Each structure stands twice: as structure tokens, then as C-alpha cells.
Amino acid sequence: MVVMTDIYENVMELAKRRGFIWPAAECYGSVAGFVDYGPLGAMMKRKIENIWRDFYVVREGYYEIECPTIGIEPIFVASGHVKGFSDIMCQCPHCGEYLRADHVVAAAGGKWPGGGSHDAIAEVLRHVPCTSCGTKLGPVAVFDFNLMFQTSIGPGSQRKGYLRPETAQGMFTDFGRLLRFYRDKLPFGAVQIGKAFRNEISPRQGMIRLREFTQAEAEIFVHPGEKNHPSFARYRGYRVPLLSCLHQQQGQEPELIPMGDAVRAGIIASEYVAYYIALTHDILVTIGVDPAKIRFRQHMMDERAHYAADCWDAEFHSPRFGWVEVVGIADRTDYDLKAHAAHSGLSFTAYIPYETPLVVQRRRIIPNMGRLGPRFRNRAKKVAEAIEHGIPGDQGMEITLENELIHVPPELYEVKDETVEVRGEEVVPHVIEPSYGIDRMIYAVLEHSYTEEEVEGELRRVLRFPPWVAPVQVAVFPLMPRDGLDEFAHTLVDSLAAENMVAEYDDNGAIGRRYRRQDEVGTPYAITIDYETKDDGTVTIRERDSMAQVRVPIEKVPEILRSLIRGTLTFSQLNV
RNA sequence: GCGCCGAUAGUGUAGUGGUUAUCACUAGGCGUUGCCAACGCCUAAACCCGGGUUCGAAUCCCGGUCGGCGCACCA
């Protein structure tokens with residue numbers, strides 16, 4: 001094994017050179033936080049997204065929706081992003097450093113005028129020192145910095161819009177429609193894969209922190225009292241490296257725990273959260289993230305959003321960046337739906353019928369408006385409301401209205417005792433949210449797939465992608481570009497393409513060089529047409545990882561490759 | 001965003017205030033080659049952008065952009 005000096009640089013150099021990832025708009029000098037996916041990168045991204053769809057849409061049955069990337073202001077006022085995503089900042093007039101105003105005040109031991117005006121904040125700031133250069137700030141400009149990109153909709157800036165900072169809000173705002181689509185039954189889920197945007201102050205670390213990135217998010221709406229997943233059995237015994245709050249407090253290493261045990265021991269809050277932790281692990285391993293470099297870290301209470309009942313991050317390990325978050329799995333409770341209900345004035349509830357209707361004795365007090373009106377005039381309505389909630393006695397009832405005690409005689413209302421059947425209740429569902437950063441997943445796969453080894457004194461670089469992730473599935477080489485071998489090769493490429501496989505023809509240079517070119521972009525199999533093909537119609541299939549070869553009849557190649565790429569056949573099985 | 005450092009073919013690099021900017025790999029073409037970056041010949045390909053100093057700037061200076069590191073930021 002060759003020593004890899006800096007895997008990040010080697011991987012990114014390869015990714016750039018071979019058409020996976022490019023800096024965006026390079027001819028104009030690029031902008032930090034934006035990348036282009038080149039031909040192979042875009043292909044690979046689609047494959048990873050489709051694997052994600054296989055898990056969430058095909059298997060879980062959570063349909064995919066697609067909402068605009070521009071959202072109007074009320075959405076993000078309700079979601080809290082307009083407030084919570086913005087920081088009040090100031091710039092030190094002495095050293096030019098941009099500072100978070102609240103941090104500066106806190107560092108000086110001052111009192112933060114939370115909710116105060118910018119002027120009030122500036123007044124506090126002028127007496128405290130800069131956290132960067134230590135000079136007393138003096139008069140300083142205070143401004144909001146919002147991580148959301150802002151735009152205006154229509155001419156004349158009539159309506160403020162934001163580029164969505166997450167795809168999740170679409171599933172929340174569509175809740176009512178989705179509920180009807182799923183025929184008013186909990187649980188149900190909806191997913192979305194799409195772009196999200198955050199105007200990071202200083203994005204670095206290549207693909208790890210982007211200003212425009214792709215998210216895959218699922219929102220699963222469940223009954224607040226029923227957080228057992230109907231298919232939990234699938235993952236009950238599935239073991240995942242968990243780093244709980246307790247593990248972190250005690251400085252322990254992650255521990256492989258079966259999901260069933262983790263829920264029973266209370267490490268994970270519910271079966272739902274555990275189920276998606278396991279499913280996430282399943283997805284990450286399927287796309288080619290090294291299972292030895294994955295862990296699930298529970299958010300500590302102080303880093304958790306106040307409404308989150310539980311929250312776990314899937315992290316992968318990179319020698320360059322350490323542990324990097326790729327997926328967040330949270331029980332967001334009813335926070336989002338309640339917020340949208342409050343701001344929109346609509347109801348975000350599901351009606352849950354009881355198995356057996358409840359028979360309830362109910363006493364209703366009906367004010368007699370015909371008598372209340374003339375007696376209380378403009379206060380009649382308020383008196384009526386108070387009566388409805390009052391306690392009637394033999395001599396009428398006492399109510400308090402604007403600090404005034406009022407006696408209401410019994411003839412002003414009627415008391416009705418009735419028996420009612422309550423058939424169900426309106427509940428605000430809780431939301432289980434697994435949220436994936438597709439770009440980070442792609443980086444993890446690139447880095448974990450990348451290997452360098454020495455073969456006969458030469459450096460061999462291989463991207464050991466799983467066959468179902470590789471952008472090119474198979475390469476076809478005529479041993480010599482003549483004698484009809486090239487004809488055989490072209491025909492084979494066509495029949496592979498007819499089977500929906502991306503097959504690349506190459507007759508340029510020595511055969512070994514061609515194998516190496518494909519190794520470098522992770523093509524799992526290569527077919528070579530040689531002179532034996534002309535005699536007996538067989539070709540060789542060469543496996544990327546072992547470099548071993550097996551001879552098979554040419555007409556069986558498409559079928560064999562299909563099985564190899566699906567994973568229903570292994571290369572070693574071909575030997576027998 | 002601040003500070004320090006850097007930027008030369010697709011990649012990795014050498015080098016200089018003054019002729020045609022070095023080398024290797026890669027890539028393309030031709031020949032050769034009967035399965036793992038072989039060989040020969042040929043070809044293509046670069047001084048990050050803008051301004052300044054200068055007779056002359058890719059080289060020196062200033063600003064910007066991008067990248068690295070440290071700080072700050074990172075729902």
C-alpha cells in the first residue's frame with residue numbers, strides 16, 4: 001500500500017481531472033461554495049439519489065413531491081428561519097473583523113438586549129472591546145446577516161422571496177393536501193430531493209460546506225402517541241454504532257447496539273427514530289460508505305433544537321475533516337405543523353377515529369340572547385361568553401367581567417345536560433425527519449472508495465465503487481483495433497446499451513492502460529474481445545477489484561453483467 | 001470576513017525584470033504490440049484576473065478571485 005499523503009487532495013484532484021466535480025463557472029474564476037457535477041459526477045449523483053428513492057419511495061411507500069426552490073416570506077417566518085437563521089452582526093471599526101454581536105457582548109460579560117433595536121444593541125456594543133483585536137469598539141454599525149438568500153418576486157419587489165434553506169418546509173406546507181392524498185390516515189410520509197441554499201459566511205472544505213446543495217428529506221407524520229414503527233421487525237436486530245449522549249459524556253467509543261435493544265434501553269427515544277437510524281446506515285453502506293467509518297451521534301441536550309424529542313446525526317470519518325455530519329434524524333414533534341397552523345390560521349391536524357366511540361356526558365350552558373341583549377347592551381356578547389364557561393347554581397351564577405362581579409340570574413340562560421358520542425379526535429401529528437446531504441454522501445463515497453496500490457512498480461488508483469453506484473458500468477475493449485475485433489466490441493456495446501447499461505468503448509493504447517483508465521473512474525467490469533472471440537465466441541470479463549478474468553460466451557454478457565451490477569450474482573460465482 | 005501562505009499546459013512541476021517559458025505524466029494521431037499505465041515518431045496544451053511601476057512585467061507593487069492553514073462563522 002502506498003502511503004496516501006493527503007487523501008482529500010488526491011481524491012479531489014482525480015474527481016476534477018476525470019469529470020466528477022468541478023469548481024462552478026471556472027472560466028470566470030469560480031465562487032466559493034458552488035460546484036458543478038461533471039459527466040461522471042452527475043451520473044453518480046443520479047444513481048445515489050435513485051438508491052435513496054428505492055429505500056424511501058419504493059420500499060417505505062413515501063411518495064416524492066417537488067416544491068419550488070423559492071419560497072415566500074410567510075413560510076420562513078413560520079418555520080423560524082427568518083429569525084433563527086439570522087445573526088445580528090457588527091464590524092469592528094479598528095480591525096475590520098465581522099463579529100457576532102451577541103458573542104461580543106457575552107464575552108465582555110455584558111447583558112444582551114435581546115429583541116432590542118439595532119440602536120439599542122449598538123449602544124451596548126460601543127462600551128465593550130472587540131473580541132478580535134481587543135480595542136474598545138466605540139460607535140459601530142449593527143446589521144442583520146441572514147443565511148437565507150433573499151430575492152423579490154415579480155416587478156417592483158412587491159413580494160419578498162427566499163431561496164429555501166431546506167426542502168422540508170414543502171412537505172409541511174403541503175400537509176393538508178398530503179393528508180387527503182393518503183386518505184386521512186396516519187402514519188404517512190412524503191419525501192423530496194432537491195436543491196437548498198444557504199449563504200454561508202465562509203464556506204470551505206470543498207464539497208462539505210456548499211452554498212447550494214442537494215438535500216434528500218423525508219417527513220414522516222405519525223400519531224403522537226404511537227411511535228412504534230409498523231415494520232420495526234426488519235431492523236430490530238440490526239446493529240449500528242451508536243454514540244449516545246451518555247457515551248459522549250463519559251468519553252466512550254461508539255457501541256454496536258441492535259436497534260431493538262437501543263429502544264428498550266431508552267437510548268433511542270422511539271422505534272421510529274431507531275428505524276430510520278438503521279435504514280440510514282443501510283443506505284450509507286449500500287452506496288459505498290465504509291461501515292467501519294460510520295457512527296451515529298446523538299445530539300446533546302444543549303445542541304438539540306428545543307422542540308426536538310430526539311436527534312441523531314449520521315457521521316462519516318475523513319482523515320482530513322474528522323467526523324462529518326451527513327444525515328440528521330430528528331423527532332421534531334409537532335413543532336412545524338403547529339407553527340404553520342398558527343401563522344396560516346388553518347388547521348394542521350388529522351382526525352383520528354376511536355375504535356369504539358366514547359359516550360360523554362356533557363353539560364352545555366346556552367345564554368338567552370333575547371334577554372341578555374336589552375340588559376347588557378354592548379357588553380352582551382362578552383357576558384354570553386362568560387356564561388358559557390360559568391358554573392350555574394340554583395340562584396344563577398357569578399361571572400367576572402373586566403374586574404366587575406356580575407350576578408346572572410337563572411332566567412338568562414338554559415342548562416342542557418346531554419349525552420354525546422365522541423367518535424375521534426383531532427391530533428397534530430409528530431414529524432420524524434431524516435434529512436440527507438447528498439453532496440456530502442457523494443464525497444464520503446468518493447473518499448472511502450479511493451485506494452492507491454502498487455502493481456508491478458506502478459501506482460494504481462482505483463475507485464472501488466459498488467457496481468450499482470459506478471457511473472460507467474462496463475468498458476469494452478477490442479484487444480487490437482482491427483481484424484474485426486473492433487466490430488465485435490461495437491456490437492457488444494450496442495447490446496449492453498439496449499439493456500440500459502452505460503458501456504464505454506475504448507481501443508486506444510495498450511490494454512493495461514485501458515484497464516487503468518477505467519479503474520480510476522470506478523468502472524467495475526471490463527470486457528475484452530480477443531482472437532479467441534473469433535474462434536469460439538467467448539470474451540473475458542475482468543473484475544476491477546481483483547483484476548481477475550473469466551471467459552464467458554459473448555451472447556451471455558448482457559445478462560451476466562446485469563446480474564453482477566444488481567448484486568444478484570458475484571464475480572467468483574462465474575468461475576464455476 | 002480577518003491574518004499568514006500560495007496560484008505556471010488536463011495533472012504534477014522547473015525557472016527568470018529582457019530571444020522561442022523547463023521537464024515528466026496525461027491526452028490526440030500514426031506505427032508497433034496477442035490481456036494489466038510497454039515502445040518509436042508526430043501533435044496539442046500553461047504563466048489566475050484587473051490596475052500600477054518600467055523602455056520592457058508571467059516575474060516587482062496594489063487590489064480582486066480562488067485554494068490551503070489559523071481565528072471567527074457553520075439552522
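Since the structure is predicted, the reported quantities are computational estimates derived from the model, not experimental observations. Each chain gets a letter, A, B and so on, in the order its sequence line appears, and its residues count up from 1.
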Problem set entry | Opposite nucleotide pairing with C73(B), Watson-Crick or G-U, both atom distances under 3.5 Å | none
Exercise. Which nucleotide, in any strand shown, forms a Watson-Crick or G-U wobble pair with G63(B), with both distances under 3.5 Å?
Worked result: C49(B)
Problem set entry | Under 3.5 Å on both distances, the Watson-Crick or G-U partner of U19(B) | none
For this session: Assign Arg544(A) to base, sugar-phosphate, or nothing according to its heavy-atom contacts below 4.0 angstrom with the strands shown.
Result: nothing
Problem set entry | Assigned partner base of U32(B), Watson-Crick or wobble definition, under 3.5 Å | none
Exercise. So what's U13(B) paired with, Watson-Crick or G-U wobble, going by both distances under 3.5 Å?
Worked result: none
Exercise. Counting side-chain heavy atoms from C-beta on, which of A38(B), C73(B), C36(B) comes nearest to Ile201(A)?
Worked result: C73(B)
Problem set entry | A37(B) to A27(B) separation - P atoms, rounded to the nearest Å | 13 Å
For this session: Using the six-membered ring wherever Trp is involved, compare the ring planes of Phe571(A) and Tyr525(A) and label them parallel, tilted or perpendicular (cut-offs 30° and 60°).
Result: parallel
Exercise. To the nearest 0.5 Å, how far apart are CD1 in Ile65(A) and CG in Leu178(A)?
Worked result: 5.0 Å
Exercise. Is A27(B) paired to anything, Watson-Crick or G-U wobble with both distances less than 3.5 Å, and if yes, which nucleotide?
Worked result: U43(B)
Exercise. Which of these nucleotides, C66(B), U33(B), C69(B), is closest to any side-chain atom of Pro481(A)?
Worked result: U33(B)
For this session: Output the single nucleotide from C35(B), A37(B), C73(B) whose closest atom is nearest the side chain of Arg516(A).
Result: A37(B)
Exercise. Among A37(B), C35(B), A27(B), which nucleotide sits nearest the side chain of Arg517(A)?
Worked result: A27(B)
For this session: Name the closest nucleotide to the Asp530(A) side chain, picking from U33(B), C36(B), C35(B).
Result: C35(B)
Exercise. Once you round it to whole Å, what is the distance between P of C73(B) and CD of Gln205(A)?
Worked result: 14 Å
Problem set entry | Separation of the C1' atoms in G6(B) and C49(B), to the nearest angstrom | 16 Å
Problem set entry | Nearest-0.5 Å distance, OG of residue Ser435(A) to CD of residue Glu325(A) | 8.0 Å
Exercise. From A37(B), G34(B), C69(B), pick the nucleotide closest to the side chain of Arg204(A)?
Worked result: C69(B)
Exercise. Do the numbers put Arg297(A) on top of the ring of Trp312(A), so that NZ or CZ is under 6.0 Å from the six-membered ring centre and no more than 45° off the axis?
Worked result: no
Exercise. Do the side-chain N or O atoms of Arg320(A) get closer than 4.0 angstrom to the phosphate oxygens (OP1, OP2) of C69(B)?
Worked result: yes
Exercise. Does any N or O donor sit under 3.5 Å from an N or O acceptor when you compare the side chain of Gln549(A) with the base of C35(B)?
Worked result: yes
Seminar exercise, completed: Out of U33(B), C35(B), A38(B), minimum distance to the side chain of Tyr515(A) belongs to C35(B)
For this session: Taking only the side-chain nitrogens and oxygens of Asn508(A), find out if one of them lies under 4.0 Å from OP1 or OP2 of G29(B).
Result: yes
Exercise. Touch check for Leu479(A), heavy atoms < 4.0 angstrom, all strands: base, sugar-phosphate only, or nothing?
Worked result: base
Exercise. Which part of the nucleic acid does Arg17(A) contact within heavy-atom distance under 4.0 Å: base, sugar-phosphate only, or nothing?
Worked result: sugar-phosphate
Exercise. Can a side chain N or O of Arg513(A) be found less than 4.0 Å away from OP1 or OP2 on A27(B)?
Worked result: yes
Exercise. If you count the non-hydrogen atoms of other residues, nucleotides and ligands that lie under 6.0 Å from NZ in Lys293(A), is the total more than 12?
Worked result: yes
For this session: Confirm from the modelled atom types if Arg542(A) and C36(B) form a donor-acceptor pair under 3.5 Å, side chain to base only.
Result: yes
Seminar exercise, completed: CD (Glu9(A)) and CG (Leu14(A)) are apart, to the nearest 0.5 Å, by 13.5 Å
Seminar exercise, completed: Of the candidates G29(B), G67(B), C74(B), the side chain of Ala32(A) sits closest to G67(B)
Exercise. Between Gln248(A) (side chain) and Ser244(A) (backbone), is there a donor-acceptor pair under 3.5 Å?
Worked result: yes
Exercise. Hey, does the side chain of Tyr8(A) come within less than 4.0 Å of G68(B)'s phosphate (OP1/OP2), counting only N and O?
Worked result: yes
Exercise. Does Glu532(A) or Lys16(A) map to a spot on RNA chain B nearer the 5' end, using the closest nucleotide for each?
Worked result: Lys16(A)
Problem set entry | Given RNA chain B, 5'-ward residue of the pair Glu26(A) and Ser202(A), judged by closest heavy atom | Ser202(A)
